[in-house]
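Note that the coordinates shown come from a computational prediction; the quantities given were computed from them, not determined experimentally.
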Amino acid sequence: MSIYNYWSRVFRLRDTAFGMHALRANKLLRPVFLLDCAMLVLCALPFSSLHAAQQHTQAQSLTLPPDIYAEKRQHFLTLEEKLRTYSRRRINDFDGEIYALADYPLYPYLLRLKLERTMSIRTKRDVKQFLHDYRGQPVSYGLRYKWLNYLAKRNHQQAFLDSYSSGMGAKLTCISLNYRLQNGEPAKQVLREVDTLWLHGQSQPDECDPLFAKWKKAGLMSPTMVIKRIEIAAKEKNRRIIPYLKRQLPASDQYIADIWLSVTRNVSSVQKSRLFPLKNVQSEREALVWSLEKLAWQQPATAAKVYERYDKQGVFSQAQRHVINRAIALSFTLEKSPQAHHWLERADAPGANDDITLWHVSHLLRTKQFDEVIRIIENAPEALQRKANYRYWLARSLEQSEQPMRATVLYQQLAQERHYYGFMASAHINTSPSLKNNPAPKNSNAIAKLAVTPATLRAVEFFRLDRATEARREWYYLLTHIPNNQITDAGILAYEWGLYDQAISSFARSGYWDDVERRFPLAFNDVFSEKAEAHNISTSFAMAIARRESSFRSDAVSPVGAAGLMQLMPGTAKYVAQTKVSRSQLFDVNENVEYGVQYLRYLMDKLDNNPVLVSASYNAGWRKVLEWLPVNEALPVDIWIENIPYKETRAYVKAVMTYQHIYEQQLGSSNNIFPQLTSDMIPSADAVSTHPVTGVMQLAPK
């Protein structure tokens, strides 16, 4: 018996005692949606060596439990290096050293590394056992895929089929189906699974070609299936595959491919009635709806004209009308066109997307039609009427329509709630916002047990090794494999260890929203206070930005490359620092906050110290925000925020304003920005000037 088989059976008892309980509990877990505004998927980012800067960061923030593995950690690193670099024939010489670390939390990672280096058909049993023992755990991620590719390359069919599981990607799925056919499985049964591979917008791997040929020969490549794939490819902007697919259609249907080629080349060609003879109405209208929705965002008046022409012929379903009406209505609204009102009325119908009603209300607020706002909200579905934003705007409109008593009742109800609209409502009735802080009760015994589960110990070890991505994968695994009633305990544990982003995500997953102090930690308070004071920026404002941007994850990286606590682009940091700033520097807390606060000061100077415009600019860019200023006259702050065109920026501004107030309270201040927000106005575009020499635009320049 190999060292792996022997010791995996011993230590699997430790790991799977936790794991089996977790798998049973997992059936009860609801899907996680991190609604607490943690903008990044914390476990999905690729690991990059973050290094000295990250090490410096963690040294400042983490308060991990006593280190009992220091010596074994050093042995782990030494052995890991050997397993990575020594020749394959020498790997088995290290079995004794691997065994010596069998009670070290990262022991499975050594087993994984050995399996990768010695992978062959002779190690089939070891690989299979490892995949069984650590199924679903981060240490197993990608190993099955690598193993299957190894087997496929050497045509070990039976071993491949024994190890294959669904969801391994198109290439391996096609190989699996081909092997099943070659092994005598009925073609009718196997080819039934090809449809989902076919209905894909991109070219599939070469391994799928033999399978598609058999599928076609069996008569399963129907014109309907080909047209569906053309539609998918067109919508995914893969025009190159359409000519090939066109040749798979009978001559009578090939014009459908020509329609998609035309409208994807130039969406305005939807105006050409000769393109749409309405012979195959179901397929043609798919192209019509897609094209009209796209055209509406560019030329809403033209889209409206074409839409009316076909709608009179009864081409569209009700659901398709909703899609097109919405696009035309919102495009006119964002353009502040006189036609917006008509199209919003038309689009705001039963069955339409809820955001149409919200934009309808926002448009009416901007145009001061408060009685109409009342009518729209009071006739909206009850589920919408119960939402905080609609209750707030109903109160605001009642107040403007000289119905102060009704407005006050609504404000009083909202003021008891902890969110942007509740805080705004409290300002309207001159009361302090309600934080409703109710710390989660600390179950010391449960937390102590949680602290020594294998997943927790592995996460801690990776944090000590400055391998934050691996650590967070383990923590995410922990959260998804413990009972719901322990997730809040995990949040408390993460908070006490200084893993603030994990604490925030844990509380979001558990739904325990009232532990304000732990959900809004005073992370890196000394750094924020020092930098904010130096640049005359409110500490609470800077911390609110960081809380929203990264949930205080110092090594966070966004899909577009923004880095660190305050999610700065290297170019932005370079601009404010007047010197080149590397990404690794942005992972250092001191440097990141320094450049982030400098940038806030720059925006404050440009935007007349208006925190609403500054927070919007931090998210969307100041040039874009200047484009969003009211055209003719100033707008109340809350109405302007509600009319921000970008959904993400609207939510961002509301969150930052809310978080700023929470951090004022956390920092022991009695400052309240919401009375100012209810009285301030966002100036019109007339207030923007351009410096005659530098050409720099700014608002109310000092």
Side-chain angles (χ1 to χ4, degrees), residues 28-42 383-384 386-392 410-427 431-443 446-447 450 475-476 478-480 482-523 540 543-553 647-648 650-667 672-674:
L28 304 175
L29 294 177
R30 65 183 184 275
V32 60
F33 299 94
L34 296 183
L35 299 178
D36 199 32
C37 306
M39 298 295 290
L40 303 171
V41 180
L42 298 178
L384 288 186
R386 288 195 295 269
K387 290 187 174 182
N389 54 346
Y390 288 99
R391 289 153 55 210
Y392 175 79
L410 286 170
Y411 282 144
Q412 288 173 337
Q413 294 170 351
L414 275 168
Q416 301 305 309
E417 301 170 19
R418 185 187 57 249
H419 48 62
Y420 166 78
Y421 293 104
F423 291 179
M424 290 293 287
S426 68
T431 62
S432 297
S434 173
L435 290 190
K436 296 180 68 176
N437 180 39
N438 181 24
K442 182 177 178 180
N443 184 332
I447 291 172
L450 201 60
W475 194 270
Y476 183 77
L478 171 74
L479 293 183
T480 55
I482 57 177
N484 280 350
N485 60 4
Q486 291 183 20
I487 296 176
T488 298
D489 294 331
I492 296 172
L493 183 63
Y495 175 85
E496 292 182 348
W497 285 351
L499 305 174
Y500 297 121
D501 59 319
Q502 300 306 303
I504 291 166
S505 63
S506 299
F507 280 107
R509 178 177 278 274
S510 74
Y512 197 102
W513 305 110
D514 291 338
D515 196 329
V516 176
E517 290 183 7
R518 293 187 179 112
R519 285 183 53 231
F520 294 88
L522 292 173
S540 61
M543 295 187 81
I545 293 284
R547 170 62 168 79
R548 174 67 185 194
E549 288 285 350
S550 69
S551 295
F552 297 112
R553 177 178 171 180
K647 180 179 180 180
E648 179 189 327
R650 284 199 308 277
Y652 184 93
V653 172
K654 295 172 189 176
V656 169
M657 295 300 98
T658 305
Y659 295 178
Q660 180 175 357
H661 179 75
I662 291 172
Y663 273 110
E664 286 286 355
Q665 307 307 302
Q666 289 278 72
L667 292 164
N672 180 1
I673 64 167
F674 280 89

_List the residues meeting side-chain contact (heavy atoms from CB on, under 4.5 Å) with Gln416, not counting sequence neighbours, and say none if there are none._
none

*Partner set under salt bridge (Lys or Arg N to Asp or Glu O under 4.0 Å) for Lys387, not counting sequence neighbours*: none

*For the student: nearest non-hydrogen atoms of Asn437 and Val516, plus distance*: OD1-N, 2.9 Å

*So do the side chains of Leu435 and Phe423 get within less than 4.5 Å of each other, counting heavy atoms only?*
yes

_By side-chain contact (heavy atoms from CB on, under 4.5 Å) - contacts of Asn443 (at least two apart)_ = Asn445, Ala446, Asp489

*Can you sort out the partners of Tyr411 under ring-ring contact (aromatic ring centres under 6.0 Å, His included), two or more places apart, ordered by chain and number?*
His428

*Within residues 417-427 or reaching into it, pairs that qualify as salt bridge (Lys or Arg N to Asp or Glu O under 4.0 Å) - sequence neighbours excluded*: Arg391-Glu417, Arg418-Asp514

*asked:* My understanding is that only residues two or more places apart in sequence, or in another chain, count here; which of them pass side-chain hydrogen bond (donor to acceptor under 3.5 Å, both in side chains) with Lys436?
replied: none

*Identify the two heavy atoms, one from Ala490 and one from Leu479, that lie closest to each other, and give their separation to 0.1 Å.*
CB-CD2, 3.7 Å

_Derivation of the side-chain contact (heavy atoms from CB on, under 4.5 Å) call for Phe552 and Phe520_ = CA-CA 10 Å; Phe552 297 112; Phe520 294 88; over 6 Å; no

*State, with a plain yes or no, whether a side-chain heavy atom of Lys654 is found less than 4.5 Å away from one of Tyr421.*
yes

*Atom NE2 of His419 and atom CG of Asn389: how far apart are they, to the nearest 0.5 Å?*
9.0 Å

*asked:* Can you give me the closest heavy-atom contact between Ala415 and Thr431, atom names plus distance?
replied: CB-OG1, 4.2 Å

*Starting at OG of Ser540, measure out to CD of Gln666 and round the result to the nearest 0.5 Å.*
11.5 Å

_Rounded to the nearest 0.5 Å, what separates atom OG in Ser505 from atom CZ in Arg553?_
10.0 Å

*asked:* As an exercise, state the distance from OG1 of Thr488 to CZ of Arg509, rounded to the nearest 0.5 Å.
replied: 11.5 Å

*List in chain and number order the residues that pass ring-ring contact (aromatic ring centres under 6.0 Å, His included) with Tyr512, two or more places apart in sequence or in another chain; answer none if no residue qualifies.*
none

*If you measure from CD1 on Ile482 to OG on Ser506, what distance do you get to the nearest 0.5 Å?*
7.5 Å

*Which heavy atom of Ser550 sits nearest a heavy atom of Asp501, and at what distance?*
O-CB, 4.4 Å

*asked:* Using the side-chain contact (heavy atoms from CB on, under 4.5 Å) criterion, which residues pair with Ile673? Sequence neighbours excluded.
replied: Met657, Gln660, Leu677

*asked:* Checking the side chain of Tyr663 only, and the main-chain atoms of Pro521 only, is there a donor and an acceptor separated by less than 3.5 Å?
replied: yes

_Can you list everything that forms a salt bridge (Lys or Arg N to Asp or Glu O under 4.0 Å) with Glu664? Sequence neighbours excluded, please._
none

*Any Arg547 side-chain heavy atom under 4.5 Å of Ile504 side chain*: yes

*asked:* Which heavy atom of Ile492 sits nearest to which heavy atom of Lys442, and what is that distance?
replied: CD1-CA, 4.2 Å

*Among all residues two or more places apart in sequence or in another chain, which pass the salt bridge (Lys or Arg N to Asp or Glu O under 4.0 Å) test with Arg650?*
none

*Would you say the side-chain atoms of Arg518 pair up with the backbone N or O of Pro439, donor to acceptor, closer than 3.5 Å?*
no

*asked:* Which heavy atom of Ala440 sits nearest to which heavy atom of Phe507, and what is that distance?
replied: CB-CE2, 4.2 Å

_From CG (Leu493) to CD (Gln486), nearest 0.5 Å_ = 11.5 Å

*Taking side-chain contact (heavy atoms from CB on, under 4.5 Å) as the test, write out the residues that go with Ala494, two or more places apart.*
Trp475, Leu499, Gln502, Ala503

*Partners of Glu517 by salt bridge (Lys or Arg N to Asp or Glu O under 4.0 Å), sequence neighbours excluded?*
none

*Could you tell me whether the side chains of Tyr652 and Glu549 share a donor-acceptor contact shorter than 3.5 Å?*
yes

